[in-house]
2 protein chains.
Amino acid sequence: MASDHNIAELADLFRLLGDTTRLRIVLACVSAPVSVGDLAHKLDLSPSLVSHHLRLLRAARIVKSERSGKQVFYVAADQHISGMLADMLDHISEPHPEAD
Amino acid sequence: MASDHNIAELADLFRLLGDTTRLRIVLACVSAPVSVGDLAHKLDLSPSLVSHHLRLLRAARIVKSERSGKQVFYVAADQHISGMLADMLDHISEPHPEAD
DNA sequence: GTAACATATGAACATGTATTGAATTGTTTG
DNA sequence: CAAACAATTCAATACATGTTCATATGTTAC
């Protein structure tokens, strides 16, 4: 079964991905590193907001960061994250059978 | 790529699973139907709170309900949900490689 | 029908958190 | 060193939501 610690950690992961803005940010840098500014521009968000969210995502090891000159690039932390997100998108895009 | 609608739906799913109490409830009825009272007793929660959460989970098609006499039994809505949760638990329980 | 039980709902409260804008830190270029 | 750019941090605000308690609905047994 699932330990309390695992449940808490899993809930943390879900909670972070459960915000539309944060999820868009993760999906935008899931396949290749993107700078904070590019993310902000691409998603029409303020750099400040993007940075706030990236800090949380980084702390949870959902993304990792790498500095290159003035810019900092973020990308999905590992294959687990990107693969999981792909699976979840598959799950969502499938037709929902009617049930109660 | 992921449409806005898909992103919103996926974020909803994650958001609902991102609460410890709700996640415990889902995990407790992932393999077999459990009544509201049993869930409350097993998880040491008030029936009211459990019912509130089940309503949200049911609306999002994460669980489905079936009445049997006075009791209402809840169980994971489909294989996608239970399989996804198993995968996620695997992901969490694996050791985290050190990275930045 | 009434009583007892199981579940659901409503309102109120407390807590958490997403967002914003200003100020700060870090980095490169002159 | 100063200026310009990128990113981060801080404080404040607005909003969402988890929890509680009281009340209501639905079901079975007497």
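What you see below is based on every heavy atom in this structure, not just the backbone, and it leaves out hydrogens, waters and symmetry mates. Throughout, a chain's letter reflects where its sequence line sits, starting with A, and its residues are numbered from 1.
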- Task: Figure out the CG/P separation between A/Leu16 and C/dG16, and round it to whole Å.
- Result: 16 Å
- Query: Can you find a side chain N or O atom of A/Thr21 that sits less than 4.0 Å from OP1 or OP2 on C/dT19?
  - Reply: yes
- Provide the start and end nucleotides, 5' to 3', of the part of DNA chain D that has atoms under 4.0 Å from heavy atoms of chain B. D/dT17 to D/dT28
Which donor-acceptor pairs under 3.5 Å do the side chains of residues 32-46 of chain B make with protein atoms, sequence neighbours left out?
from: B/Ser35; atom 1: OG; to: B/Asp38; atom 2: N; distance (Å): 3.1
from: B/Ser46; atom 1: OG; to: B/Leu49; atom 2: N; distance (Å): 3.0

- Item | A/Ser3 and A/Asn6, any side-chain heavy atoms less than 4.5 Å apart | yes
- Message: If you take any heavy atom closer than 4.0 Å to DNA chain C, which residues from residues 67-77 of chain A end up in contact?
- Response: A/Arg67, A/Gly69, A/Lys70
- Message: Is the shortest side-chain heavy-atom distance between B/Phe14 and A/Met88 below 4.5 Å?
- Response: yes
- So salt bridge (charged side-chain N to carboxylate O under 4.0 Å, His left out) across residues 13-30 of chain B, not counting sequence neighbours, yields B/Asp12-B/Arg15
- Task: Please list, by residue number, the residues of residues 49-57 of chain A whose heavy atoms come closer than 4.0 Å to an atom of DNA chain D; answer none if no residue qualifies.
- Result: A/Ser51, A/His52, A/Arg55
- So CE of B/Met84 and CD of B/Gln79: to nearest 0.5 Å the spacing works out to 12.5 Å
- Note on the structure: The single option from B/Leu27, B/Thr21, B/Thr20 that satisfies side-chain contact (heavy atoms from CB on, under 4.5 Å) with B/Leu23 is B/Leu27
- Of the listed C/dG21, C/dA8, C/dA18, the closest approach to the A/Ser48 side chain comes from C/dG21
- Sorted by chain and number, sequence neighbours left out, side-chain hydrogen bond (donor to acceptor under 3.5 Å, both in side chains) with A/His80 holds for B/Glu94
- Heavy-atom check, side chain of B/Ser65 versus side chain of B/Leu54, under 4.5 Å: no
- Message: Quick check: do B/Glu9 and B/His5 have side-chain heavy atoms less than 4.5 Å from each other?
- Response: yes
- Give the cluster check for B/Ile25 versus A/Ile7: same hydrophobic cluster or not, with ILVMFWY residues linked at side-chain heavy-atom distances below 4.5 Å. yes
- Item | Spacing of B/Arg15 atom CZ relative to C/dA18 atom P, expressed in whole Å | 11 Å
- Task: For A/Ile25 and C/dA18, give me the distance from atom CD1 to atom C1', rounded to whole Å.
- Result: 11 Å
- Whole Å only: how far is the CG atom of B/Leu39 from the C1' atom of C/dA6? 13 Å
- Query: Quick one: are A/Tyr74 and A/Arg58 in side-chain contact, heavy atoms under 4.5 Å?
  - Reply: yes
